[in-house]
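Predicted, not measured: the structure shown is a model, and the values here were computed from it.
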Amino acid sequence: MKEVHLKCITFYNYLLKIDMDFKACFTQVKNRSVELWKFKFFRYSVFLHMFYFIFSIFMTLFIFRSQSDFYVYYRVGELFVTDPANLYNPANYIDIWPFRYFPLSALLFVPFYLMGFELGFIVFNLINLFLNVLISIILYKLILLIRREDHEKEENRVILYICLYLIGLPQVFNYILGQINLYITLLILLSLFIFLKYKDIKWQFIASFLLGISIIIKPTTLFMIPFLIMLNYDYNNKKLKLDFTRSFLRLTGVILPLSLNVIVFLIYPDLLNGFLEINLTGSETVLLNHSFSITKLISNFFLYIGVPATELSVLSIFLSVSLILGSTSFIFYVFKRFNRNNLIYGYTFGILIMFLAYFDSWDHHLLNLTPLLVVILFNLPRNSEITRKYIKPSFFFLSFFDLAFMGIFWLTKLFFPFNFASTIFLILIFIGISKYCLKKENNVNS
């Protein structure tokens with residue numbers, strides 16, 4: 001009886017500690033919120049972001065219902081429940097975009113299908129709103145972790161750039177379409193933070209596992225995988241160095257969740273053919289549209305000069321572009337002259353390769369890249385030439401002007417079907433990071 005009494009007291013003390021921790025956490029959040037609210041730009045950003053959110057609810061539910069990506073996800077959730085074998089069947093996506101992600105990602109959309117379209121979309125975007133809060137917190141912690149010593153010690157500039165990310169125009173596009181880019185952004189930043197902060201083997205595995213989950217949800221981060229390999233050139237000893245154990249662990253972590261799709265492909269063998277066709281060889285890949293990837297610009301050019309779509313292979317263009325960009329960036333990454341926080345640049349290279357090589361690269365995808373650009377701004381020297389010429393102009397263009405050039409594309413589509421402005425800035429980022437890889441770390445003006 002006495003033993004039971006002691007256990008009850010222990011349990012009560014445990015609950016009391018949780019209650020005290022919760023109150024302390026709540027007080028800390030409240031005080032921090034009051035502190036941030038004094039920052040004028042932060043207040044404006046919150047109001048503008050909330051306008052994006054409310055505006056998107058009305059626009060999608062009453063105007064762009066069947067044109068939204070959420071409508072595709074809603075349909076995917078239904079198919080996963082009722083007819084998973086035909087998840088990639090084009091007949092199920094007449095007049096809407098086809099489903100291109102790995103089959104396991106369809107599980108994410110089942111709850112929203114069960115809610116019904118209207119409620120499902122509202123809940124979906126409420127989650128997106130919450131994800132933006134989490135992304136902002138992780139981005140803040142990540143910046144403080146990697147910020148160079150020559151940057152300002154106060155937080156105003158950090159908060160400013162996080163606010164700029166939150167009010168970027170890709171945000172409203174993402175909300176209206178009901179896209180899942182923010183899930184990917186959260187996992188990118190969280191895995192990067194864990195990689196850079198914790199060097200223990202278990203944390204390296206956890207970080208790579210999170211990145212693998214992001215690929216399951218949406219393959220945007222697929223080309224990040226090679227940059228997890230810890231291979232670099234030792235300039236002092238004039239030889240390549242490979243940390244085999246950690247590289248193997250990272251690759252195992254990222255591939256393990258991704259490999260779960262093999263089970264689905266084994267259960268439904270036709271899904272693999274459908275997945276490959278819809279992503280690489282199907283008729284949808286050669287449609288003339290406003291994608292800003294190099295692959296799409298090339299295929300649009302061939303269509304423009306009269307090459308029939310039936311004779312055009314986007315797969316060969318995609319493989320060529322990804323091979324050139326991938327091999328070039330990996331060489332720069334291996335022969336980089338710095339070893340501090342290098343994975344920031346590996347992640348960015350991986351995103352850039354996907355955006356420039358895959359035929360479907362859209363404005364809302366930029367939400368995966370712009371937070372990384374913010375991180376780079378604070379990781380590069382304060383007066384960096386690369387920041388001034390490559391990173392900062394690209395961040396502002398992709399955040400606030402990219403959408404305008406999409407509109408220009410639709411106005412000039414009949415006689416000039418090329419949306420190339422964003423492509424230029426993505427290439428500028430690629431060049432800037434490549435140049436930084438070749439700079440000596442002690443060059444403060446790099």
Side-chain angles (χ1 to χ4, degrees), residues 48-84 86-103 105-132 166-185 217-218 220 274 278-279 282-285 287-292 359-368 402-404 406-411 413 419:
L48 185 56
H49 194 89
M50 290 307 299
F51 170 75
Y52 288 170
F53 173 76
I54 296 169
F55 177 73
S56 68
I57 296 292
F58 283 97
M59 291 295 288
T60 302
L61 292 183
F62 298 108
I63 299 177
F64 296 118
R65 178 188 176 100
S66 60
Q67 285 79 42
S68 67
D69 287 330
F70 180 78
Y71 190 81
V72 178
Y73 301 153
Y74 180 79
R75 181 73 176 132
V76 167
E78 179 185 7
L79 286 170
F80 195 84
V81 171
T82 60
D83 191 16
N86 284 299
L87 201 57
Y88 299 108
N89 189 338
N92 291 316
Y93 302 99
I94 298 173
D95 296 330
I96 58 175
W97 295 103
F99 179 62
R100 302 189 185 282
Y101 311 155
F102 284 103
S105 67
L107 275 171
L108 179 66
F109 311 119
V110 172
F112 303 106
Y113 159 69
L114 297 176
M115 292 178 197
F117 183 87
E118 288 78 10
L119 179 60
F121 178 74
I122 293 171
V123 172
F124 184 86
N125 261 4
L126 281 171
I127 294 174
N128 268 337
L129 183 65
F130 179 67
L131 289 176
N132 260 325
L166 287 173
I167 64 173
L169 292 181
Q171 292 278 4
V172 68
F173 202 30
N174 187 76
Y175 278 132
I176 290 175
L177 291 175
Q179 257 287 345
I180 58 171
N181 297 298
L182 297 178
Y183 292 80
I184 310 306
T185 302
I217 297 174
K218 193 172 185 177
T220 308
I278 209 75
N279 278 286
S283 59
E284 290 282 343
T285 63
L287 290 177
L288 192 148
N289 58 42
H290 59 280
S291 168
F292 49 69
F359 64 91
D360 272 353
S361 294
W362 311 109
D363 310 75
H364 52 81
H365 291 161
L366 296 172
L367 291 176
N368 300 149
D402 164 81
L403 216 55
M406 183 188 77
I408 292 173
F409 169 87
W410 291 108
L411 293 175
K413 178 181 176 181
N419 181 20

What's the spacing between N174 CG and H365 NE2 if we round to 0.5 Å? 9.0 Å

Gap between atom CG of L367 and atom OG1 of T185 - 0.5 Å precision: 6.0 Å

Output every pair passing salt bridge (charged side-chain N to carboxylate O under 4.0 Å, His left out) with a member in residues 57-72, not counting sequence neighbours, ordered by first then second residue. R65-E118

Can you tell me if OH on Y183 sees more than 12 non-hydrogen neighbours from other groups inside 6.0 Å? yes

Are any of the side-chain heavy atoms of Y52 and L169 separated by less than 4.5 Å? yes

Once you measure the plane-to-plane angle for Y73 and Y101, does it fall in the parallel (<30°), tilted (30-60°) or perpendicular (>60°) bin? tilted

Is the centre of the Y71 ring less than 6.0 Å from the centre of the F64 ring? no

For the atom pair OG (S361) and CG (N289), what is the distance rounded to the nearest 0.5 Å? 10.0 Å

Between Y175 and H49, does the ring centre distance come in under 6.0 Å? yes

Validation row: Q179, N128 side chains within 4.5 angstrom (heavy atoms): no

Any side-chain heavy-atom pair of F51 and V172 under 4.5 Å: no

So, for F359 and N279, which heavy atoms are closest and what is the spacing to 0.1 Å? CE2-O, 2.9 Å

In short, G77 meets V110 closest at the heavy-atom pair O-CG2, 3.9 Å

Contact between L126 and I122 at the side-chain level, heavy atoms closer than 4.5 Å - yes or no? yes

For residues L79 and F109, determine if any side-chain heavy atom of one lies less than 4.5 Å from a side-chain heavy atom of the other. no

What's the spacing between D402 CG and H364 NE2 if we round to 0.5 Å? 10.5 Å

Taking the inter-plane angle between the rings of F99 and Y88 on a 0 to 90° scale, is it parallel (under 30°), tilted (30 to 60°) or perpendicular (over 60°)? parallel

Would you compute the distance between atom CE of M406 and atom CG of L411 and round it to the nearest 0.5 angstrom? 10.5 Å

Checking side chain to side chain contact (heavy atoms under 4.5 Å, CB included) against I217, which of L108, L107, N181 comes through? L108

Within the 4.5 Å heavy-atom criterion, are F80 and Y113 side-chain neighbours or not? no

For a quick test of reading the model, state the closest non-hydrogen atom pair linking N125 to F53 and the distance between them. O-CE1, 3.3 Å

Nearest heavy-atom approach of A106 to L87 is CB-CD2, 4.1 Å

Would you call the rings of W362 and W97 parallel, tilted or perpendicular, taking 30° and 60° as the class edges? tilted

So does F292 get a backbone contact from the side chain of N419, meaning a donor-acceptor N/O pair under 3.5 Å? no

Rounded to the nearest 0.5 Å, how far does CG of L114 lie from OH of Y74? 9.0 Å

Quick one: are I127 and F112 in side-chain contact, heavy atoms under 4.5 Å? yes

